[in-house]
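Some notes on the structure that comes next.
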Amino acid sequence: MCAVIDLGGEPIKASEYTGLGRVTEFKYGAKLGTVIRKWNGEKLSYLSNWGEGWGFMPSGKALAFVDNHNNQRGHGAGGASIVTFWDARNMVIFRNVVNGQPLSNWWSNGGNQVAFGRGNRGFIVINNDNFGLDATLNTGLPGGTYCDVISGQKEGSRCTGKQVQVGGDGRATFKINNSEEDPLIAIHANSKL
């Protein structure tokens, strides 16, 4: 892996090092932060073609991240953390459960409410708008009751947070108030009760 700080205006380009291995993709966290903060009119719904369509390196050549020691000290993307509100441990588990699964069941309200699945292994709903989210969405998951791993976690056969009921048709109703501390819900195959 090569650590190259390339935000697009540097004389040294990350693409010059891809022949040596994966290269750090500093633009990933910078652009994601811009979208989450709604700067420059950015909206979560724009993320439907996230990746190379945004000018990032091909995923097989990039190490994407949102925060590191360079960013925390004002170097690199120079920024504040953008995902500190997530329970990092549970989201790492979510990522491991859905690893290798394709993006599926993309939904957006055209603004700052989005949802998407990763195959039939996980589903996440995010409300970054200034009003509540109330939508019935196709999760792609098998029917059953799931534990939201953002508001809590599965402990044995119970859930310490919100529960989501997925119907036999894979659909579930999600209600997320925009004033919640963590205005998102994430469920996955291993959080099924």
Side-chain angles (χ1 to χ4, degrees), residues 25 28-29 31-33 35-36 38 42-54 56 58-60 62-66 82-83 85-129 131-178 180-193:
E25 179 59 275
Y28 186 95
K31 280 304 290 181
L32 189 59
V35 172
I36 288 173
K38 303 182 230 178
E42 297 282 4
K43 298 178 182 179
L44 285 178
S45 60
Y46 297 167
L47 299 178
S48 63
N49 69 337
W50 184 251
E52 291 179 54
W54 283 60
F56 300 139
S59 61
L63 173 66
F65 60 94
V66 294
I82 60 173
V83 292
F85 59 90
W86 285 3
D87 178 344
R89 178 181 165 273
N90 285 347
M91 287 312 295
V92 167
I93 294 169
F94 179 92
R95 188 261 183 220
N96 290 337
V97 170
V98 303
N99 187 33
Q101 297 296 307
L103 178 69
S104 60
N105 299 307
W106 173 267
W107 172 88
S108 85
N109 70 342
N112 287 296
Q113 297 176 350
V114 298
F116 59 91
R118 294 288 302 274
N120 64 352
R121 303 283 297 158
F123 195 75
I124 188 165
V125 184
I126 304 169
N127 180 10
N128 198 32
D129 258 327
F131 51 88
L133 179 150
D134 184 350
T136 300
L137 305 171
N138 182 11
T139 68
L141 295 172
T145 303
Y146 292 80
C147 182
D148 167 34
V149 298
I150 300 298
S151 64
Q153 60 189 13
K154 180 180 172 184
E155 293 182 354
S157 61
R158 68 180 202 92
C159 177
T160 63
K162 297 177 189 174
Q163 294 184 19
V164 177
Q165 183 64 45
V166 176
D169 61 355
R171 297 173 61 79
T173 299
F174 295 91
K175 295 182 180 189
I176 305 173
N177 190 311
N178 63 300
E180 291 180 32
E181 182 179 356
D182 297 325
L184 60 151
I185 292 174
I187 57 177
H188 58 75
N190 294 357
S191 74
K192 187 174 181 182
L193 299 175

Nearest 0.5 Å, please: how far is CG in Leu133 from CZ in Phe174?
9.0 Å
If you compare all heavy atoms of Ser104 against all heavy atoms of Arg118, which two are closest, and at what distance to 0.1 Å?
OG-N, 3.7 Å
Any donor-acceptor pair under 3.5 Å from Asp148 side chain to Ala186 backbone:
yes
Report the distance from atom CG of Asn112 to atom CD1 of Ile36, rounding to the nearest 0.5 Å.
10.0 Å
Is any side-chain heavy atom of Val35 less than 4.5 Å from a side-chain heavy atom of Tyr46?
no
Using a 3.5 Å distance criterion without hydrogens, assess whether the side chain of Ser108 forms a donor-acceptor pair with backbone atoms of Val114.
no
To the nearest 0.5 Å, what is the distance between CD on Gln165 and CZ on Arg171?
14.5 Å
Check Trp54 against Asn49 and note the closest heavy-atom contact, atom names and distance.
NE1-OD1, 2.8 Å
Expected output: side-chain Thr145 to main-chain Leu193 donor-acceptor under 3.5 Å:
no
Asn90 (side chain) donor-acceptor with Gly152 (main chain) under 3.5 angstrom:
yes
Does the side chain of Leu47 reach to within under 4.5 Å of the side chain of Phe116, using non-hydrogen atoms?
no
Check whether any side-chain heavy atom of Tyr146 lies under 4.5 Å from a side-chain heavy atom of Lys154, and answer yes or no.
no
Do Asn109 and Asp129 have side-chain heavy atoms sitting under 4.5 Å apart?
yes
Does any pair with a residue in residues 183-193 pass side-chain hydrogen bond (donor to acceptor under 3.5 Å, both in side chains), and if so which ones, sequence neighbours excluded?
none
Quick one, Asn178 and Pro183 - any side-chain contact, counting heavy atoms below 4.5 Å?
no
Output for pair (Cys147 SG, Gln163 CD), nearest 0.5 Å, gives 7.0 Å
Residue among Thr139, Ile187, Leu184 satisfying side chain to side chain contact (heavy atoms under 4.5 Å, CB included) with Ile124:
Leu184
If I take atom CD1 from residue Ile150 and atom CD1 from residue Ile185, how far apart are they, to the nearest 0.5 angstrom?
9.5 Å
Heavy atoms, side chains only, cut-off 4.5 Å: are Leu32 and Trp50 in contact?
yes
Donor-acceptor contact below 3.5 Å, side chain Ser45 vs main chain Gly111
yes
Hey, what do you get for CD1 (Ile126) to CD1 (Ile176), rounding to the nearest 0.5 Å?
8.5 Å
If you compare all heavy atoms of Ala135 against all heavy atoms of Trp107, which two are closest, and at what distance to 0.1 Å?
CB-CZ2, 4.2 Å
Closest approach of Trp106 to Leu44 (non-hydrogen atoms, all atoms of both residues)
CH2-O, 4.0 Å
Please identify which of these residues, Gln113, Glu180, Lys175, meets the side-chain hydrogen bond (donor to acceptor under 3.5 Å, both in side chains) condition with Asn127.
Gln113
Give a yes or no on whether the backbone of Ala189 and the side-chain of Arg121 come within a donor-acceptor separation of less than 3.5 Å.
no
With sequence neighbours left out, what residues match Lys31 under salt bridge (Lys or Arg N to Asp or Glu O under 4.0 Å)?
Glu42
Where the side chain of Thr136 meets the backbone of Thr173, is there a donor-acceptor pair that is under 3.5 Å apart?
no
